[in-house]
Structure formats: C-alpha cells, structure tokens
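Per chain, numbering begins at 1; letters A, B, ... match sequence-line order. Keep in mind that the numbers below use all heavy atoms, side chains included, and drop hydrogens, waters and symmetry copies.
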Amino acid sequence: MRRSLAESVVVLDFETTGLSPQYGDRAIEIGAVLLEEGRIVDRFQRLMQPGFRISRFIESYTGITNDMLKGQPRCEEVMAEFAEFLEGRNIVAHNASFDRRFLEAELKRTNRAYRGACCCSLLVSRRIYQDAPNHRLQTLVSHAGIPRTGRFHRALADAEMTAQVWLSMIERIRRQYGIKTIYFDQLSELSKIDRLYVHRYLTSLAGGG
DNA sequence: TGCCAGGCCCTCTTTAGGGCCTT
C-alpha cells in the first residue's frame, strides 16, 4: 500500500437498487470527494441507469426517481469516468464493505479492478466516537457538530458528510494524543483492533513507537 | 419490498445467535 496521509483520500458513496450486487442490485448514483491534506479539492457526482426500474422503496429512501434516471448514462459509462477520478487512490466510505462490493462489481463490468486500499469510517467511529448513541452517518454528523451539506441518502451529500466525519475523527485523535501526522494505514489498522486497546494504540503512535 | 447480503461486534460466546450498518 502506498503510504498516504489519512487526510488525502477519495471518500465514496453509492446509492443502489438494493443491498447486494451478487443478487442483481446495481448502482444508481455515485458521489465522491477528493480530500487533499484535509480539504475537499474535487467532487464527482453522477446518476446512472441500472437497466431496470427501481423500487418505490428506493425512490422514497434516496429521493432518486425512475423519471430522474431517464436519459442518464449507463453504469458502465459512469464507472469508466469514475476510474479516472479515482486513479488508484485510497478510499474511505461509511460501512466501506458495502460500497467496495458495488465498486468492484460495477468496475468489473468495464473490465477494470480497484487495487487501492479501503478504510471504513464506521469501524473507525466505533473506536473514536465510543460515546455516540449509534454509528449511523446521520447520527455521527450530528454528534460531531458537522453542518448538513444536503439530503441524507444522496451520494454526494453523504460522501461530503462522511469526509467531514473522517476529518473530525482525525482532529480528535490529533488533539487528544498530540499526534501531528496520521497515515491512512494507521487508521486502517485502528479500525481492526479491539476497542479496549484503542487508547494504547494511539498512545503508541503519539510516542512514535 | 426491505424478512432478503455481508461483515463487524457484543454476549446469555467461542461447537452461536442476533443487533448494527450500508441501499
């Protein structure tokens, strides 16, 4: 894995027709922001046609309607464009296993593959915001005092707010442990360790050990 | 349509079950 700053990543979010690409679900919207040294420097947002009508539940859940999807490009076209935006950078997503499954499934249809690393803001938040009432994106935005940038469950708004939650967690670690520079792979490691050992792990980073 | 998938995480656990997250 290329060692990159934790604040220099692509934060990604998909809206989809359901929960499982293996059972035929497809992406209908992708939203992503490019973070460079803690600032949003680029954005990517596209609606796309999944090839079939979406359910009323998804229309209601996302606010994306079948009418809105008429005339939009097919997933394959959008994913080819997004692959250039991504350029092998590391990814952050809220419940990243979900977005990664769709990313890989949709890229595969264009004979591409994602080879970068992926870190889950949900898993990190369970360790950094152990005091939050729950770890849904909407709750964390409120818990961290982050302003809403749009409608929840739309891809770009969710990607932007996930990015702000991500930066907020990094800032909390910095402030609490006096760590100047945090790397992506260190937060990736943090997302896997037992919650009981979070303090010990971050203290070791602060000490350079 | 949202019971459906998959992975994490807790506990009444580890030879398991169920809640939390994502759409």
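Residue contacts shown for A:D13 are limited to sugar-phosphate atoms, with no base heavy atom under 4.0 Å away. At the heavy-atom level, A:R154 lies nowhere under 4.0 Å from the strands shown. As judged by a 4.0 angstrom heavy-atom cut-off over every strand, A:F14 is placed among residues touching the sugar-phosphate backbone only. Counting any heavy atom pair closer than 4.0 Å across all strands shown, A:L123 reaches sugar-phosphate atoms only and no base atom. Within the 4.0 angstrom heavy-atom criterion, base atoms lie near A:R126. A:F57 comes within 4.0 angstrom of a nucleotide base, judged by non-hydrogen atoms across all strands. Among the atoms of the strands shown, only primed sugar atoms or phosphate atoms (P, OP1, OP2) are found under 4.0 Å from some heavy atom of A:T62. The residue A:N134 sits close only to the backbone: its heavy atoms come under 4.0 Å of sugar-phosphate atoms, none of a base. Among the heavy atoms of the strands lying under 4.0 Å from A:D158 are primed sugar atoms or P, OP1, OP2 only; no base atom is included.
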> For A:R89 and A:E36, what are the C-alpha separation, side-chain angles and deciding distance, and is it a side chain to side chain contact (heavy atoms under 4.5 Å, CB included)?
Replying inline: CA-CA 11 Å; A:R89 292 186 174 94; A:E36 290 287 358; 4.0 Å; yes
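Here the P atom of nucleotide B:dA5 and the CG atom of A:D25 are 11 Å apart, to the nearest Å. One interatomic measurement links the two molecules: CE of A:M161 to C1' of B:dC21, which rounds to 16 Å at whole-angstrom precision. Rounded to an integer number of Å, the gap from CG of A:L19 to C1' of B:dT23 is 5 Å. A straight line from OH of A:Y129 to C1' of B:dC21 spans 18 Å, rounded to a whole angstrom.
Ranking B:dA5, B:dT23, B:dC21 by closeness to the A:H94 side chain, first place goes to B:dC21. When distances run from any side-chain atom of A:S20 to the nucleotides B:dG7, B:dT22, B:dA5, the shortest one goes to B:dA5. Ranking B:dC21, B:dG7, B:dC10 by closeness to the A:R136 side chain, first place goes to B:dC21. When each of B:dT23, B:dA5, B:dT22 is scored by its nearest atom to the side-chain atoms of A:L137, the top-ranked nucleotide is B:dT22. For A:L122, the listed nucleotide lying nearest its side chain is B:dC21; candidates were B:dG2, B:dC21, B:dT22.
Shown here is A:R174, whose CZ atom has more than 12 heavy atoms of other residues, nucleotides or ligands within 6.0 Å.
For B:dG2, its base sits under 3.5 Å from the side chain of A:S55 at one donor and acceptor pair at least.
Between A:R101 and B:dG7 there is no side-chain N or O to OP1 or OP2 distance below 4.0 Å. Between A:H135 and the phosphate of B:dC20, there is no side-chain N or O to OP1/OP2 separation shorter than 4.0 Å.
Between the P atoms of B:dG19 and B:dC12, the separation comes to 14 Å (whole Å). Taking atom C1' on both nucleotides, B:dC3 is separated from B:dG18 by 14 Å, rounded to a whole Å.
Residue A:W166 is not grouped with residue A:L86 when hydrophobic side chains (ILVMFWY) are merged at heavy-atom distances under 4.5 angstrom, including chains of intermediate members.
Using a cut-off of 4.0 Å between Lys/Arg side-chain N and Asp/Glu carboxylate O, A:E15 and A:R154 are scored as not salt-bridged.
Using a 30° and 60° split on the angle between ring planes, A:F98 and A:F102 fall in the tilted class, from 30° to 60°.
Inspection of the A:H94 and A:S121 side chains reveals an N or O donor paired with an N or O acceptor under 3.5 Å.
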